[in-house]
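Protein chains get the first letters and strands the later ones, always in sequence-line order, with residue 1 at the start of each.
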Number of protein chains: 2
Amino acid sequence: MPSNIYSNTDKILIAVDCIIFGFDKGALKILLIKRDFEPELGKWSLMGGFLKEEENLDEAAIRILYDLTGLRTIYMEQLYTFSKVDRDPVARTLSVAYYALIDIAMHDKELIQNHSAQWFSLDKAPDLIFDHNKMVEKAIARLKRRALSKPIGFELLPPKFTMRQLQKLYESILNKKLDKRNFINKINSFGILVRLDEKDTNASKKGAYLYTFDKVKYDEKVLEGFNFKI
Amino acid sequence: MPSNIYSNTDKILIAVDCIIFGFDKGALKILLIKRDFEPELGKWSLMGGFLKEEENLDEAAIRILYDLTGLRTIYMEQLYTFSKVDRDPVARTLSVAYYALIDIAMHDKELIQNHSAQWFSLDKAPDLIFDHNKMVEKAIARLKRRALSKPIGFELLPPKFTMRQLQKLYESILNKKLDKRNFINKINSFGILVRLDEKDTNASKKGAYLYTFDKVKYDEKVLEGFNFKI
């Protein structure tokens, strides 16, 4: 192998795209932005940009998301690197996709108000540029696998929540109705919930018990995993 | 945002590194190669090379692995993209890591005999160049998660195998001794095994029953997942 192997490499650009899922009022949403440059000007897109020489991918993802939307302190996870040769018509570009699932209400004030980033319900989201639809599909699949193999919700629900809210979260991620009794039995079997001596009376006169996560048990289950399937 | 955004991008190289785990005679091994160019000439490394403009990452991984070792028809999965700014001292280089777990015996004849690729037991593997140790760690963690959440072994064991062989495979991936009775109960609870009317008498006079996978059940469990924890 020649020692000038480094100088013989092709010029390929590296982009980062951010897939931000939000949970709000029982529904799963996705944050999209209207593209303001060619190609595909005016179409909807994930939040994307190019990697700079002095930063790693995690740092690029944080910078790009902040610059385009104002969102900060969001923990994003690397999802997959997309590399189809013609995925970007302008230049050969890889894209490393990052994703996060956040509590919309908690981050709403950070969003730049005069910018074109906008939340869409997942089932009403517009068609996206390039291979961004595929990126979203892959992120949803990852999210589902996660919800089936580990507890989810600590960062997404208020500190006190009803069983109904937790079920809604699971239903929106798994994209199907769950049987109430089976859901309660399954969730209780993991021992991650603490029932409080307090009721939420917003939805019914009788009220629904409020729960909180047992953080120690919750973190244990995050580490060892479980099988949620019901 | 400027429309010349594409031309303002930094020059960053893209490498692909292949992590090949092998299973042979009850032990988990890793394939490494002696680097024959600077820097780090003569040190042990994963099989790596640079992405070409006309190929995607999957294709690059297959080409690089084949060119360096002779291994072919190996299904590799993309693991993670490593991007620490100073990970390669020569030039700013991202590396997309791919991994596979193969049956060594089945692929042994493909290995280029006069090349420097060599199998190492995982616990006796040498220190690797750059961030390759980290890549291997991440791949092992992924492999463990996989073994705990899905059946594993169909591609790694002979068509007929003993319970002991299957347990050995799990033990070598999870890197711990498993209780025999618990292992048998757990595996049987998934319904993925068929016990044959045939015994393997190599290890003992009494013999050990041979098993085969129920491919339909096995594939079902691959899709829906299970929690192996014992």
*Asks:* Against chain B, label A/Asp88 side chain, backbone, both or neither, depending on which of its atoms sit under 4.5 Å from a heavy atom there.
*Replies:* side chain
*Asks:* Atom NZ of residue position A/Lys221 - does it have more than 12 heavy atoms of other residues, nucleotides or ligands inside 6.0 Å?
*Replies:* yes
*Asks:* Taking NZ in B/Lys186 as the centre, count heavy atoms belonging to other residues, nucleotides or ligands within less than 6.0 Å. Is the count above 12?
*Replies:* yes
*Asks:* Please classify the contact of A/Phe226 with chain B as side chain, backbone, both or neither, using a heavy-atom distance under 4.5 Å.
*Replies:* both
*Asks:* Would you say NZ of A/Lys215 has more than 12 non-hydrogen atoms from neighbouring residues, nucleotides or ligands within 6.0 angstrom?
*Replies:* yes
*Asks:* Which atoms of A/Leu51 are under 4.5 Å from chain B, going by heavy atoms: the side chain, the backbone, both sets, or neither?
*Replies:* both
*Asks:* Can you say whether A/Phe228 sits under 4.5 Å from chain B via the side chain, the backbone, both, or neither, judging by heavy atoms?
*Replies:* neither
*Asks:* For B/Phe120, is the CZ atom crowded, meaning more than 12 foreign heavy atoms sit under 6.0 Å from it?
*Replies:* yes
*Asks:* Would you say A/Val85 and B/Glu54 make side-chain contact, with heavy atoms under 4.5 Å?
*Replies:* no
*Asks:* For A/Ser149, which atoms come within 4.5 Å of any heavy atom of chain B: side chain, backbone, both, or neither?
*Replies:*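 Contact with chain B involves no heavy atom of A/Ser149 at all.
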*Asks:* How would you list, in number order, the residues of residues 55-62 of chain B that have a heavy atom less than 4.5 Å from chain A?
*Replies:* B/Glu55, B/Asn56, B/Leu57, B/Asp58
*Asks:* As an exercise: rank B/Arg145, B/Glu224, B/Glu53, B/Lys84 by heavy-atom pairs under 4.5 Å with chain A and give me the winner.
*Replies:*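 Among the listed options, the one with the most contacts to chain A is B/Glu53.
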*Asks:* Please check if atom CZ in A/Phe190 has more than 12 non-hydrogen atoms from other residues, nucleotides or ligands closer than 6.0 Å.
*Replies:*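 Count over threshold, so yes.
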*Asks:* Any sub-3.5 Å donor-acceptor pair from B/Gln78's side-chain atoms to A/Thr81's backbone N or O?
*Replies:* yes
*Asks:* Look at atom CZ of A/Phe50 and say whether more than 12 heavy atoms of other residues, nucleotides or ligands are closer to it than 6.0 Å.
*Replies:*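 Atom CZ in A/Phe50 is crowded, with more than 12 foreign heavy atoms closer than 6.0 Å.
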*Asks:* Ignoring hydrogens and angles, tell me if any N or O in the side chain of A/Arg92 forms a donor-acceptor pair with the backbone of B/Lys52 under 3.5 Å.
*Replies:*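 Side chain of A/Arg92 to backbone of B/Lys52: a pair is present.
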*Asks:* Using a cut-off of under 4.5 Å on heavy-atom pairs, state which of B/Leu148, B/Leu94, B/Val96 scores highest against chain A.
*Replies:*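 Of the options given, most contacts go to B/Leu94.
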*Asks:* Looking only at heavy atoms, what is the nearest atom pair of B/Glu38 and A/Tyr6, with distance?
*Replies:* O-CE1, 4.4 Å
*Asks:* If we only count heavy atoms from C-beta on, is the B/Leu13 to A/Lys11 side-chain gap below 4.5 Å?
*Replies:*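 SC-SC contact between B/Leu13 and A/Lys11 ruled out.
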*Asks:* Considering only heavy atoms, which portion of A/Ile12 lies under 4.5 Å from any heavy atom of chain B: side chain, backbone, both, or neither?
*Replies:*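 Answer is both: backbone and side chain atoms of A/Ile12 are under 4.5 Å from chain B.
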